[in-house]
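Reading through the structure tokens given below for one structure.
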Amino acid sequence: MEKKRAIGLLEKYFFTTEEAAAFLGISKQALSSLVKRGKIERVEKGQVSLFFKDDLEARKDAQVILRKKYRPYT
């Protein structure tokens, strides 16, 4: 029972690298760049990286604003 609850919490609050990149509509390399520049926080456990859903949702909202500002004609 505890395993199911833990998995449910992981799925509710975290994205994997692939899920995070797809959610933001960017490549994994671009996601890695955001992490390196401190724009998004990642949690690492061994070879697995997880991203907080709340952080990604905030970044997605910011991306809309940034794209309008720096690419007004697209």
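Numbers for residues simply follow the sequence, beginning at 1.
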Indicate the atoms forming the closest heavy-atom contact of Ser49 with Glu44, along with that distance.
OG-CG, 3.8 Å

When you group the ILVMFWY residues by side-chain heavy-atom contacts below 4.5 Å and let the links chain together, are [Y] and [X] in the same group?
| X | Y | value |
| --- | --- | --- |
| Ile40 | Leu50 | no |
| Val48 | Phe14 | yes |
| Phe23 | Val64 | no |

Can Lys53 be said to sit on top of Tyr13's aromatic six-ring, NZ or CZ under 6.0 Å from centre and within 45° of the ring axis?
no

State which residue, out of Val43, Val35, Leu34, Thr16, fulfils the side chain to side chain contact (heavy atoms under 4.5 Å, CB included) condition with Phe51.
Val35

Can you tell me how far apart CD (Glu41) and CG (Leu56) are? Round to the nearest 0.5 Å.
11.0 Å

Is it true that a side-chain atom of Gln63 and a backbone atom of Leu24 form a donor plus acceptor pair closer than 3.5 Å?
yes

Taking side chain as C-beta onward, heavy atoms only, is Leu66 less than 4.5 Å from Arg59?
yes

One pair to check against side chain to side chain contact (heavy atoms under 4.5 Å, CB included): Glu18 and Leu31. What are the steps and the verdict?
CA-CA 9 Å; Glu18 291 80 12; Leu31 181 63; over 6 Å; no

